Amino acid sequence: MAKRHYSLFHSLMQKFASSRPGAWFFARALHHLDRIFLKLSNGRATLSSIFTGLPVVVLTTTGVKSGLPRTLPVLGIRDAGDPNLLAVIASNWGQDHHPAWYFNLKRNPIATCSIQGQVKTYTAHEACGEEYERFWHYAVDTYPGFPLYKQRAGERHIPIMILAIAGSSDQVKSDQADKG
């Protein structure tokens with residue numbers, strides 16, 4: 001996957017978002033602002049994607065404790081070789097704990113993603129080994145803030161969750177391997 005290039009404005013916004021003050025602010029405020037923009041755009045755009053130029057998807061998981069749908073915008077990383085695969089990085093802005101959506105996907109791997117207003121159902125699994133490395137490189141090529149988040153996370157391993165469109169051939173292969 002080729003490294004993405006952004007406008008000066010998008011690059012500056014990404015730098016701010018990956019800084020300590022920017023990450024602190026956005027971790028607490030951006031999801032609230034994104035909800036407003038999602039409503040205004042009928043689910044097609046977020047403030048995050050407008051300001052940064054990044055590929056934001058709207059992820060809906062099932063809450064571990066509540067069992068209720070939990071929806072929030074996250075950065076979605078496409079697999080260069082398979083359009084049915086999407087990765088979400090549990091960096092949590094470089095904080096010392098995993099985001100809640102990570103635990104939700106671990107408990108119940110069925111989720112929906114809305115990408116530019118198109119909603120599809122996905123099945124998630126956690127990346128490891130070569131798959132982790134491949135998607136980490138995709139992530140860094142997409143958003144240069146990820147290495148800074150990894151540095152700030154310290155000892156915490158940053159998980160990558162791979163989302164496969166439910167019923168896609170990769171999902172069928174994965175399910176067969178699990179039953180193996």
Side-chain angles (χ1 to χ4, degrees), residues 17 23-49 54-79 82-129 131-132 135-136 139 143 146 149-150 152-180:
W24 181 89
F25 173 75
F26 286 138
R28 287 154 182 79
L30 196 56
H31 61 281
H32 299 295
L33 298 171
D34 277 337
R35 282 194 185 118
I36 294 167
F37 274 80
L38 279 167
K39 284 183 182 178
L40 292 173
S41 69
N42 288 331
R44 294 188 184 280
T46 64
L47 185 62
S48 303
S49 61
L54 293 169
V56 175
V57 301
V58 180
L59 174 69
T60 301
T61 62
T62 301
V64 169
K65 293 179 184 174
S66 69
L68 298 173
R70 300 295 182 204
T71 301
L72 74 158
V74 294
L75 182 58
I77 308 296
R78 285 274 184 208
D79 185 331
D82 186 346
N84 292 323
L85 295 180
L86 177 70
V88 288
I89 316 299
S91 64
N92 204 19
W93 303 91
Q95 296 179 67
D96 62 359
H97 59 279
H98 297 320
W101 62 257
Y102 166 74
F103 298 107
N104 294 347
L105 283 176
K106 290 290 285 183
R107 172 71 61 86
N108 181 356
I110 304 300
T112 61
C113 284
S114 175
I115 302 171
Q116 296 178 332
Q118 293 188 345
V119 179
K120 293 184 180 171
T121 301
Y122 291 81
T123 303
H125 71 272
E126 189 166 348
C128 59
E131 184 180 44
Y132 182 94
F135 276 99
W136 180 256
Y143 175 54
F146 282 126
Y149 295 161
K150 190 174 206 173
R152 284 202 300 267
E155 296 295 313
R156 179 175 76 87
H157 170 73
I158 295 178
I160 298 176
M161 297 302 286
I162 307 300
L163 303 170
I165 293 176
S168 71
S169 60
D170 282 332
Q171 181 57 41
V172 171
K173 288 179 203 170
S174 175
D175 289 345
Q176 289 170 348
D178 289 344
K179 292 176 185 174

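Quick caveat: nothing in here was measured; it's all calculated off a predicted structure. Side-chain atoms are counted along with the backbone in the values below, which use heavy atoms only and exclude waters and symmetry mates. Numbering of residues begins at 1 and proceeds along the displayed sequence.
When side chains are defined from C-beta on, Trp93 counts as touching Leu30, because their heavy atoms get closer than 4.5 Å. Between Leu38 and Thr71, the closest side-chain pair of non-hydrogen atoms is not below 4.5 Å. Using a 4.5 Å cut-off on side-chain heavy atoms (C-beta onward), Ile89 and Tyr149 make no contact. Residues Phe26 and Asp34 have side chains not in contact (no heavy-atom distance under 4.5 Å, counting atoms from C-beta outward). Taking 4.5 Å as the limit, some side-chain heavy atom of Pro55 sits within range of a side-chain heavy atom of Leu75. Under the 4.5 Å side-chain criterion, counting only non-hydrogen atoms from C-beta, Tyr132 is in contact with His157.
Thr60 approaches Pro69 most closely through the heavy-atom pair CG2-CB, 4.0 Å.
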Could you walk me through whether Leu163 and Val57 pass the side-chain contact (heavy atoms from CB on, under 4.5 Å) check? CA-CA 12 Å; Leu163 303 170; Val57 301; 6.0 Å; no
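Evaluation of the side chain to side chain contact (heavy atoms under 4.5 Å, CB included) rule for Ile36 yields Leu40 as partners, not counting sequence neighbours.
Defined by atom type and a distance below 3.5 Å, a donor-acceptor pair is present between the side-chain atoms of Arg156 and His98.
Distance alone, capped at 3.5 Å, places no donor-acceptor pair between the Ser49 side chain and the Ala45 backbone.
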Cut-off 3.5 Å, no hydrogens considered: what does the side-chain donor-acceptor table look like for residues 103-119, sequence neighbours left out?
{"from": "Asn104", "atom 1": "OD1", "to": "Val64", "atom 2": "N", "distance (Å)": "3.1"}
{"from": "Asn104", "atom 1": "ND2", "to": "Thr61", "atom 2": "OG1", "distance (Å)": "3.0"}
{"from": "Lys106", "atom 1": "NZ", "to": "Glu126", "atom 2": "OE1", "distance (Å)": "2.9"}
{"from": "Asn108", "atom 1": "OD1", "to": "Ile110", "atom 2": "N", "distance (Å)": "3.2"}
{"from": "Asn108", "atom 1": "ND2", "to": "Thr62", "atom 2": "OG1", "distance (Å)": "3.4"}

